[in-house]
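From a predicted model like this one, the values you see are computed outputs, not experimental measurements.
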Amino acid sequence: MSTFYERRILNAENIEVRHALSDPLGGIVAPDDVTLELSNVDGFFNSQDLRGTVIDLTRFDREDGESVLEFSGAIMEQTISDDKAVVRLVSQDQDVLQTLIPKRTITSSIFPLAHADQGLGRTVPIVFGTVLSPYPVPFVTDNTSSNVYDYLLGEGTSYTNVAMYRDTVGDILSLVSSTEYSLNTTSYSGCTVARFPLRQAQFGGGLHTLYATVAGMQPERNFVRAIRTTLTNSVWGVGQQVNDTTFSSVESLLATVGSLACDGVLTEPRPAIDVLNQLCQVRGMTLSKTSSSAWTIAIDQGSSTATFQSRFGHGAGQQWNNVKNFSGFQRSPMRDAVSRLALDYAIDYRSDKYRNTVTRSVLSIGRERRIANDFIQTGVTADKVVDYIAKRLIQSDLKTTFDAGQEGRNLVVGDLILYDAPHLDVTSRPFRITEISRRLDSTKVAVEGWASSIYSYSAVSSIPPDVTIPAESLWSVTT
């Protein structure tokens, strides 16, 4: 049960809660740290250790009589003095998303006969969609007495199109005949292994390292479903709640874009926020927490479904003269301007290098920017994504900030707005909100340019061919 704080907040008028994306192209909308100065004239805090205490900061909106949760965080630092207690709060959302995923590793308690070198301590793989680049599979059963030798494909029991490979001389993998192994989904709860009756020993001693290409979790080929599963799965994921309504809606919206396939495998632990940022990147998706502590998702939408949440402007004698501190329309500094965008994709899990790259021209000035996505393996998906992001970068070259006052109290990051500035010959220019900073009586908004042309896909004449399983039964590593 929560306890209502009944003393004065000394810095109430100066508290600023800033919401911004963890990645400019999409990802987690999370607030910065917040510092509170709490009255201690009666000595209430003198002997208290407040570290770890969770505080909810709620704003009461007199306009509509509603209370709005602005921030929820845990106290990380405290300073107690004669007249006040100063505490620094850190958002709990960010801490949760630092969880390393996948969480499960191969231990002797789960896999009692796992090989000491090729099994124990390895990560239990997570496969989204269809993986056509061979990934290493852990050796989890080395049972010489019963001639049972299991290699773990990953979490889940719905694997199809499985192909196994052995390492050979140099950097060449050799395709293993499907008659040499069978798939087993019952020996280890919730997992699938490839079971061999023969130990995979090399002629010169030692063991082969085995690799696999598979079709894994197929619903997760939709990036939104992959995000949802990553957030909600309690075995290997973050174990959080999501808002079912927004996720179902956005999953359907992404499906209408077409040819956006999430394909990839997690073989090493990494922070969940890094995975989610890459998954959100493909269509400017944003994640934020609701007051019910459930994650909600939004998607960057085209003109047919876009909704402008508000209209702002400045200049005497016009209707939309409702902002203060307009910063002017800024273009990107030369050091930040992007002239060419390159997207690396189709990662080779043996070398950790990318097999393919697609590019787009952006601005006439600036430098090349390279981004990578570990969950894209098909050329059409990569080309659609780089085309969309390049057009986002073209529009976002124009930016501005302003104080929206109380009219901006219900805006959120990702919303679209219109702006009027008659003296600058600007009428109903569309912008997308990238950052919001709220104080008790004001809302400062940062926006970037937006246009419906962002969503009109322009394919290149030649898309790099997809990585395919080689017919000659050999696989060369990318160097």
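Checked by atom type, the side-chain pair Asp374/Tyr354 shows a donor-acceptor distance below 3.5 Å. No side-chain donor-acceptor contact under 3.5 Å links Ser458 and Asp387. Using modelled atom types and a 3.5 Å distance limit, the side chains of Arg122 and Thr105 yield no donor-acceptor pair. Side-chain contact, Thr434 with Glu448: no donor N or O sits under 3.5 Å from an acceptor N or O. The closest side-chain donor-acceptor pair between Asn322 and Glu407 falls under 3.5 angstrom. Remark: the Thr378 side chain and the Thr381 side chain contain an N/O donor-acceptor pair separated by less than 3.5 Å. A donor and an acceptor atom, one from each side chain of Trp295 and Gln240, are located under 3.5 Å apart. Side-chain contact of Thr267 with Thr123: a donor-acceptor pair under 3.5 Å is absent, judged by distance alone. Side-chain polar atoms of Arg311 and Ser428 form a donor-acceptor pair below 3.5 angstrom.
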For Val131 and Tyr349: C-alpha separation, side-chain torsions, deciding distance, then whether side chain to side chain contact (heavy atoms under 4.5 Å, CB included) applies. CA-CA 10 Å; Val131 178; Tyr349 296 104; 3.7 Å; yes
For a side chain to side chain donor-acceptor pair (under 3.5 Å) check, start with the C-alpha distance between Asp466 and Gln377, then their side-chain angles and the critical distance, and finish with the verdict. CA-CA 7 Å; Asp466 295 343; Gln377 294 199 7; over 6 Å; no
Evaluation steps, salt bridge (Lys or Arg N to Asp or Glu O under 4.0 Å), between Glu16 and Arg438: CA-CA 5 Å; Glu16 183 174 88; Arg438 285 195 176 91; over 6 Å; no
Set out, in order, the CA-CA distance, both residues' side-chain angles and the distance that settles side chain to side chain contact (heavy atoms under 4.5 Å, CB included) for Asn222 and Leu254, then state yes or no. CA-CA 8 Å; Asn222 184 302; Leu254 188 67; 3.5 Å; yes
Worked check of side chain to side chain donor-acceptor pair (under 3.5 Å) between Asp56 and Ser72: CA-CA 4 Å; Asp56 292 336; Ser72 179; 2.7 Å; yes
Could you go through Ser339 and Arg367, starting from their C-alpha distance and side-chain angles, then the distance that decides it, and tell me whether this counts as side chain to side chain donor-acceptor pair (under 3.5 Å)? CA-CA 5 Å; Ser339 61; Arg367 56 181 177 79; over 6 Å; no
Might you work through the side chain to side chain contact (heavy atoms under 4.5 Å, CB included) test for Leu287 and Met285, ending with a clear yes or no? CA-CA 7 Å; Leu287 294 167; Met285 292 178 283; over 6 Å; no
Go through the steps to decide whether Asp167 and Arg350 satisfy the test salt bridge (Lys or Arg N to Asp or Glu O under 4.0 Å), and finish with yes or no. CA-CA 11 Å; Asp167 64 341; Arg350 298 182 71 197; 5.9 Å; no
For a side chain to side chain donor-acceptor pair (under 3.5 Å) check, start with the C-alpha distance between Thr296 and Thr246, then their side-chain angles and the critical distance, and finish with the verdict. CA-CA 6 Å; Thr296 184; Thr246 62; 3.1 Å; yes
Using the side chain to side chain contact (heavy atoms under 4.5 Å, CB included) rule, take Leu416 and Phe431 through it: C-alpha gap first, then chi angles, then the decisive distance, then the call. CA-CA 6 Å; Leu416 300 178; Phe431 287 92; over 6 Å; no
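Formation of a donor-acceptor pair under 3.5 Å by the Ser249 side chain with backbone atoms of Thr245 is not found in this model. Although no hydrogens or angles enter the test, the distance criterion places a donor-acceptor pair under 3.5 Å between the side chain of Asn277 and the main chain of Ile273. A distance-only check finds a donor-acceptor pair linking the side chain of Lys384 to the backbone of Gly258 [under 3.5 Å].
A 4.5 Å side-chain heavy-atom check between Asn373 and Val386 finds every atom pair outside the cut-off. Counting only heavy atoms from C-beta outward, the side chains of Leu231 and Leu276 approach each other to under 4.5 Å. Side-chain contact between Leu393 and Leu341 is present, with at least one heavy-atom pair separated by less than 4.5 Å. At a threshold of 4.5 Å between non-hydrogen side-chain atoms, the residues Thr427 and Pro422 do not count as touching. Considering only heavy atoms from C-beta on, Val193 comes within 4.5 Å of Val140 through its side chain. Here the side chains of Val162 and Leu153 are in contact, with some heavy-atom distance below 4.5 Å. Using a 4.5 Å heavy-atom threshold, the side chains of Leu343 and Val385 count as touching. Inter-residue side-chain proximity for Thr232 and Gln241 is flagged as unmet; no heavy-atom pair is nearer than 4.5 Å.
A cation-pi arrangement is present between Arg283 and Tyr388 under the rule of less than 6.0 angstrom and at most 45 degrees off the ring axis. Tyr211 does not carry Arg166 over the face of its six-membered ring by the limits of under 6.0 Å from the centre and within 45° of the normal.
What you find for Val124 and Leu152 is that their closest heavy atoms are CG1-CD2, 3.8 Å. Val214 and Tyr135 get closest at one heavy-atom pair: CG2-OH, 3.7 Å. Of all non-hydrogen atoms in Pro464 and Thr357, the two that sit nearest each other are CG-O, 3.8 Å. For the residue pair Gln395 and Ser453, the shortest heavy atom distance occurs at NE2-OG, 4.0 Å. Across Gly237 and Lys103, no two heavy atoms sit closer than the pair O-CE, 2.8 Å. Residue Tyr181 comes nearest to Ala163 through the heavy atom pair OH-CA, 3.9 Å, listed as atom of the first residue, atom of the second, then distance.
A salt bridge is absent between Arg195 and Glu180; no separation between the charged side-chain nitrogens and carboxylate oxygens falls under 4.0 Å. For Glu155 and Arg104, the salt-bridge test passes: some basic side-chain N is under 4.0 Å from an acidic carboxylate O. Ion pairing between Arg429 and Asp420 fails under the 4.0 Å rule for side-chain N and carboxylate O. Look at Arg370 and Glu368 and you find a salt bridge, because one of the NZ, NE, NH1 or NH2 atoms lies within 4.0 Å of a carboxylate O, short of that distance. The pair Asp300-Arg392 meets the salt-bridge criterion, since a charged nitrogen lies less than 4.0 angstrom from a carboxylate oxygen. A salt bridge links Arg355 with Asp348; the closest basic N to acidic carboxylate O contact falls under 4.0 Å.
Scored by the ring pair (Phe, Tyr, Trp, His ring centres under 6.0 Å) test, Phe375 finds Phe128 as partners (sequence neighbours excluded). With sequence neighbours excluded, the residues that form a ring pair (Phe, Tyr, Trp, His ring centres under 6.0 Å) with Phe111 are Tyr188.
Just one of Phe312, Phe402, Trp450 meets the ring-ring contact (aromatic ring centres under 6.0 Å, His included) condition when paired with Tyr419; it is Phe402.
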Result block: side-chain N/O donor-acceptor pairs under 3.5 angstrom for residues 329-337, not counting sequence neighbours:
unit_1 : atom_1 : unit_2 : atom_2 : d
Gln330 : NE2    : Ser327 : O      : 3.2
Gln330 : NE2    : Ser327 : OG     : 2.6
Gln330 : NE2    : Gly328 : O      : 2.7
Arg331 : NH1    : Asp397 : OD2    : 3.3
Ser332 : OG     : Asp397 : OD1    : 2.9

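Within a 6.0 Å radius of NZ in Lys391, more than 12 heavy atoms belonging to other residues, nucleotides or ligands are found.
Taking the six-membered ring where tryptophan is involved, the planes of Phe196 and Tyr151 are perpendicular, since the angle between them exceeds 60° and thus also 30°.
The CG atom of Asp383 lies 10.5 Å from the OG atom of Ser259; values are rounded to the nearest 0.5 Å.
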